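Quick notes on the structure that follows.
Numbered from 1 within each chain, the chains take letters A, B, ... in sequence-line order. None of these values were measured; they are calculated from a predicted model.
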Amino acid sequence: MADIRFIQGNEACALGAIYAGCRFFAGYPITPSSEVAEMLSEELPLVDGVFIQMEDEIAAMAAIIGASLAGKKSMTATSGPGMSLKLENLGYACITEVPCVIVNVQRGGPSTGLPTSPAQADIMQARWGAHGDHPIIALCPSSVSEMFTETVRAFNLSEMFRTPVIVLSDEIIGHMREKIVIPQEGEIPIVNRKKPKVPPHEYKPFKGEEDFVPPMAAFGEGYRYHVTGLSHNEEGFPIQSGELVHQMNVRMHNKIYKNLDKIIKNEVYMCDDAEIIIFALGGAARSSKGAIRHLREEGIKAGLFRPLTIWPFPEEDLRRVCSRAKNVLVVEMNLGQIVFEVERVLSCMGVKIDGMFDSSGEPFTPLSIVRRVKEIFQR
Amino acid sequence: MGFNYHSYLREKMMPHIWCSGCTHGIVTKALIRAIDKAKFDKNKVVVVSGIGCASRMPGYLDFNTLHTTHGRALAFATGVKLANPELHVIVVAGDGDAVAIGGNHFIHSCNRNIDMTLVVLNNNIYGMTGGQRSPTTLEGDISSTSVYGSIGNPIDVVNLAIGAGATFVARTTTYHVHQLESYIYSGLMHKGFSVIDAVSACYTAYGRRNKQRYKSAIDMLNYMKNNVVNISAAREMNSEELKGKIIIGIFKDSLEPEYCEEYQKMINRVKNKT
Ligand SMILES: Cc1ncc(C[n+]2csc(CCOP(=O)(O)OP(=O)(O)O)c2C)c(N)n1
Ligand code: SF4
Ligand SMILES: [Mg+2]
């Protein structure tokens, strides 16, 4: 019998984590993400998993990296102020190529901002928040079901590419309740990290294979290796040589950017004949979809391009989908962030790009988007 | 028969970065010998560190080694140990690492009582970054950021550990090599969170600036030799007499509920119920 539930996005995220094989969660309470931790504190012990509330978000991020190195799939969840603290060790997870999942249920900022209201103002932080060149994967669910499935996908991608993956949700999706059909065991394939096939003395923990991803042994399995946040060689030992450092950085970049087909995912809704395409994600995409239905009823050819993977940015797909459109409207709950990326990607295509921005903490109403589209057409 | 250090060292990492006269190497030696005595399987030992001269130690050791971010070693170690309680988790940290930037993690690690051992290589200075004041710099001492003399009481690592709830707490110096080895060994054998405050010497960044006490790197070891007071003797001395002294000994050794075991008990309890 199907397992049908009526739950919050944050709860779906917790259940998705368990489904994906997450057996370690470390966190620090923060609205609007705390339900993820609360649910996992209840669920993890039942599957012999570990839940721990740490002293702060820096420690929580550190703990999930440690747990992942010891062989457990691990996750943490937070919101803006906590995300800022996680960045230090997020960068560490990038350079040491440790798979883990970080959930950011976005709220208004900067600083303490609007603790109980949604925002999408951490999009650029997700990409560039940790210092230094580093690739990152960030996923944007837009429904309770997707909080489940995108969390599973986040784990799968993190395991596949030995990389931290951010689930970039927002307060709307995190706190909304919807019907969800929990997938049966085996319905969504689960990916586990590659293990070394060579004896310990031949193991190079940071040597990429054809897919640029190195196999990963867990501490305790007999491969005694060194992990450091310093730039390192394939064996994991610190290096100074500029050329080797550059090579390492390029390989880490390539493992994401040369595997885009496995990472990029979008929803393309009514775009075939669309004259105007709305670009929106997460909570803002829901209002946009409502607006598109209104507009279609009135005979206005509008469509939606909704990235589920926001980083790496879906450049090619966006260009293809927008190739025949006259206008693109970027709708985001911030003062204009992802619009710059859209402008960059579509700059040579002759489409007119507008933005609809709001940082009030109030979701967009579909009607406000309808009005904006009409204004654009009347211009 | 001499002790075989080779099987514990990653010789391809040599030469090490430490200055001549640095006593971090003495702590390394004591740690290796303590692990050897404990007969731990090398594959099951994880040595975790933060950032600093002290924190370079794991790179030289042939275990599972994790060189993390400044101050955060204990938090990483917490994840490692909870994820696989079979592993022997050892953390090494400088004084800045352990009680400045890592102070919060230090307090909470002591409080949780997870079965791990922390060795603080306490040289009273930020060695790696060139000799800035640390929370354990002695009052009045010169550092590159306390050029007119350090203001305020240094943090006592032992008192902090006891106050925060660590269950094994000891201190000795890098002059007292055998005692250091023995305390680390006791820490490794202790079930719970153990802290060993290992007084270390940095002539390069600290000693040289404080010629009133130290004319050479050797002087720093002589200072340790001449100024230690055993904890039992210290109990009979007043604060005036204890001024400038380094109290050594085992300050606390108690058996209290250990976190990983308590967590497992909780799992068993809730799973039996459902
Ligand atoms: C977040 C952060 N802040 C500052 C530094 C710079 N830094 C590197 S080591 C260090 C202090 C090291 O002192 P200590 O922990 O006492 O170790 P020692 O070098 O004396 O052994 C500092 C401040 C850093 N690496 N990271
Ligand atoms: S600077 Fe000080 S702590 Fe660092 S290696 Fe030299 S003597 Fe040791
Ligand atoms: Mg120091």
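With chain A as the partner, the residue from B/Gln264, B/Lys81, B/Arg112 showing the most heavy-atom pairs under 4.5 Å is B/Arg112. Between chain B and the options A/Glu88, A/Met54, A/Arg23, A/His226, the largest number of non-hydrogen pairs under 4.5 Å is found for A/His226. Annotation: maximal heavy-atom pairing with chain B below 4.5 Å, among A/Ala63, A/Ala60, A/Gly236, occurs at A/Ala63. In terms of heavy-atom pairs under 4.5 angstrom with chain A, the leader among B/Thr68, B/Thr65, B/Asp62 is B/Thr65. No other option in A/Gly222, A/Ser68, A/Gly71, A/Ala62 has as many heavy-atom pairs under 4.5 Å with chain B as A/Ala62. Interface check for chain A: of the options B/Asn84, B/Leu87, B/Leu74, the most heavy-atom pairs under 4.5 Å are formed by B/Leu87. Ranked by heavy-atom pairs under 4.5 Å with chain B, the list A/Thr96, A/Leu44, A/Ile58 is led by A/Ile58. Between chain B and the options A/Gly229, A/Ala70, A/Gly91, A/Gly220, the largest number of non-hydrogen pairs under 4.5 Å is found for A/Gly220.
For the pair B/Asn111/A/Glu55, no side-chain contact is recorded, criterion being any heavy-atom separation below 4.5 Å from C-beta on.
Contact of A/Pro238 with chain B is made through the side chain alone, with heavy-atom distances under 4.5 Å. Interface remark: A/Phe51 contributes backbone and side-chain atoms alike to the contact with chain B (heavy atom separation under 4.5 Å). Using a 4.5 Å cut-off between heavy atoms, A/Phe24 touches chain B through its side chain atoms alone. At a 4.5 Å heavy-atom cutoff, the contact between A/Leu69 and chain B is made by side-chain atoms alone. B/Leu66 touches chain A through backbone and side chain together, each having a heavy atom under 4.5 Å away.
Contact annotation for residues 4-31 of chain B against chain A (heavy-atom separation below 4.5 Å, listed by residue number): B/Arg10, B/Lys12, B/Met13. Residues from residues 45-54 of chain B that place a non-hydrogen atom less than 4.5 Å from a non-hydrogen atom of chain A comprise B/Val46, given in numerical order.
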### Message
I'd like to know whether B/Glu181 forms a side-chain contact (heavy atoms from CB on, under 4.5 Å) with B/Tyr185, so could you lay out the CA-CA distance, the side-chain angles of the two residues, the decisive distance to 0.1 Å, and finally the verdict.
### Response
CA-CA 6 Å; B/Glu181 177 189 326; B/Tyr185 173 75; 5.5 Å; no
#### Entry: Full working for side chain to side chain donor-acceptor pair (under 3.5 Å) between A/Ser241 and A/Glu243
CA-CA 5 Å; A/Ser241 145; A/Glu243 202 189 315; 5.8 Å; no
### Task
In sequence, state the C-alpha distance, the side-chain angles, and the governing distance for B/Ser109 and B/Ile114, and then conclude on side-chain contact (heavy atoms from CB on, under 4.5 Å).
CA-CA 7 Å; B/Ser109 298; B/Ile114 292 178; over 6 Å; no
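In this structure, B/Val99 and B/Ile155 approach most closely via the heavy-atom pair O-CD1, 4.2 Å. Across all non-hydrogen atoms, the minimal contact from B/Gly187 to B/Thr117 is O-OG1, 3.1 Å. When every heavy atom of B/Pro135 is checked against every heavy atom of B/Ala100, the shortest pair comes out as CG-CB, 3.4 Å. In this structure, A/Pro164 and A/Ile136 approach most closely via the heavy-atom pair O-CD1, 4.1 Å.
Applying the salt bridge (Lys or Arg N to Asp or Glu O under 4.0 Å) criterion to B/Asp115, with sequence neighbours excluded, gives B/Lys191.
The closest side-chain donor-acceptor pair between B/His190 and B/Thr167 falls under 3.5 angstrom.
Ion pairing between A/Lys255 and A/Glu97 holds under the 4.0 Å rule for side-chain N and carboxylate O. Using a cut-off of 4.0 Å between Lys/Arg side-chain N and Asp/Glu carboxylate O, A/Arg193 and A/Glu159 are scored as salt-bridged. A salt bridge is absent between B/Asp97 and B/Arg72: the closest approach of a Lys/Arg side-chain nitrogen to an acidic carboxylate oxygen does not fall below 4.0 angstrom.
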Exercise answer: donor-acceptor pairs, residues 201-209 of chain A side-chain atoms, under 3.5 Å, sequence neighbours excluded:
from: A/Tyr203; atom 1: OH; to: A/Pro215; atom 2: O; distance (Å): 2.8
from: A/Tyr203; atom 1: OH; to: A/Ala217; atom 2: N; distance (Å): 3.1
from: A/Glu209; atom 1: OE1; to: A/Lys194; atom 2: NZ; distance (Å): 2.9

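Ring pair A/Tyr92/B/Phe76 is perpendicular by interplanar angle, where above 60° counts as perpendicular and below 30° as parallel.
Ring centroid separation for the pair A/His232 and A/Phe237 does not come in under the 6.0 Å cut-off.
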